[in-house]
Amino acid sequence: QVQLVESGGGLVQTGGSLRLSCAASARTINIPTSPITMGWFRQAPGKAREFVAGISWSGGSTSYSDSVKGRFAIYRDNAQKNLGLQMNSLKPEDTAVYYCTAGYSSVVGTEQNDYRFWGQGTQVTVSA
């Protein structure tokens, strides 16, 4: 079992920036502490959870949803078992609970089923 803990959410004005972090740890010694792919999803009130960004083990492959492409950047530090999401030029429609996720897929997936472990989420609110 891999535990994921997000941090860095908060309230920001339109056009502002936030940086989210996700710390990964393993509960059992037989489970790798660094799953192959990691990503961020978000869920706004009354809406389905949606893919935001994903990154491969090496960091050499990334994927973004069209709504955040060019504004958000995903990165990871395997030595520190940490995943990050730099969010710039934030808009009110970015308001949501953001979830860190990790899985053993060999490609960067964009569906929830592509990932196995999930954090509890961190709230991001962008005021108009």
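- Under 4.0 Å is where a charged nitrogen must lie from a carboxylate oxygen, and between Lys91 and Asp94 no such pair does.
- By the ring pair (Phe, Tyr, Trp, His ring centres under 6.0 Å) test, Tyr115 is found to be paired with Phe41, residues two or more places apart in sequence or in another chain being considered.
- Atoms CZ and CD, from Phe51 and Gln112 in turn, are 11.5 Å apart once rounded to the nearest 0.5 Å.
- The nearest pair of heavy atoms linking Ser89 to Ser17 is N-OG, 4.4 Å.
- Relative orientation of the Tyr99 and Trp118 rings is perpendicular, given thresholds of 30° and 60° on the angle between their planes.
- Remark: Glu93 CD is packed, more than 12 non-hydrogen atoms of other residues, nucleotides or ligands lying under 6.0 Å away.
- Both Leu18 and Leu85 are part of a single hydrophobic cluster, where members link through side-chain heavy atoms under 4.5 Å apart.
- Under the rule for a side chain to side chain donor-acceptor pair (under 3.5 Å), Ser61 has no partner lying at least two apart in sequence or in another chain.
- When all heavy atoms of Ala102 and Met38 are compared, the pair lying nearest together is CB-CG, 4.0 Å.
- The shortest non-hydrogen separation linking Leu4 to Ala24 is CD2-CB, 3.6 Å.
- Looking at every heavy atom in both residues, Val68 comes nearest to Val52 through CG2-O, 3.5 Å.
- Within a 6.0 Å sphere centred on CD of Glu50, heavy atoms belonging to other residues, nucleotides or ligands number more than 12.
- For residues 92-128, the set of pairs meeting the disulfide (SG to SG under 2.5 Å) definition, not counting sequence neighbours, comprises Cys22-Cys100.
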Note to self: I'd like to know whether Val12 forms a side-chain contact (heavy atoms from CB on, under 4.5 Å) with Thr125, so could you lay out the CA-CA distance, the side-chain angles of the two residues, the decisive distance to 0.1 Å, and finally the verdict.
What the structure shows: CA-CA 6 Å; Val12 65; Thr125 302; over 6 Å; no
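- With 3.5 Å as the limit, one finds a donor-acceptor pair spanning the side chains of Gln86 and Asn88.
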Item checked: Intermediate values then yes/no, side-chain contact (heavy atoms from CB on, under 4.5 Å), Thr62 and Ser56 -> CA-CA 6 Å; Thr62 58; Ser56 62; over 6 Å; no
Next item on the list: For Thr37 and Asp114, run side-chain contact (heavy atoms from CB on, under 4.5 Å): C-alpha distance rounded to whole Å, both residues' side-chain angles, the deciding distance at 0.1 Å, then the answer.
Entry: CA-CA 9 Å; Thr37 59; Asp114 295 325; over 6 Å; no
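- Scanning all heavy atoms of the two residues, the minimum distance from Thr110 to Ser63 falls at CG2-OG, 3.9 Å.
- Val97 and Leu90 sit in two unconnected hydrophobic clusters of ILVMFWY residues. Membership requires side-chain heavy atoms under 4.5 Å apart, directly or through other members.
- Counting all heavy atoms, side chain and backbone alike, Thr95 lies closest to Ala44 at O-CB, 3.6 Å.
- Considering only heavy atoms from C-beta on, Trp40 comes within 4.5 Å of Glu6 through its side chain.
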Checklist line | Steps toward side-chain contact (heavy atoms from CB on, under 4.5 Å) verdict (Met87, Leu20) | finding: CA-CA 8 Å; Met87 305 186 295; Leu20 303 183; 3.7 Å; yes
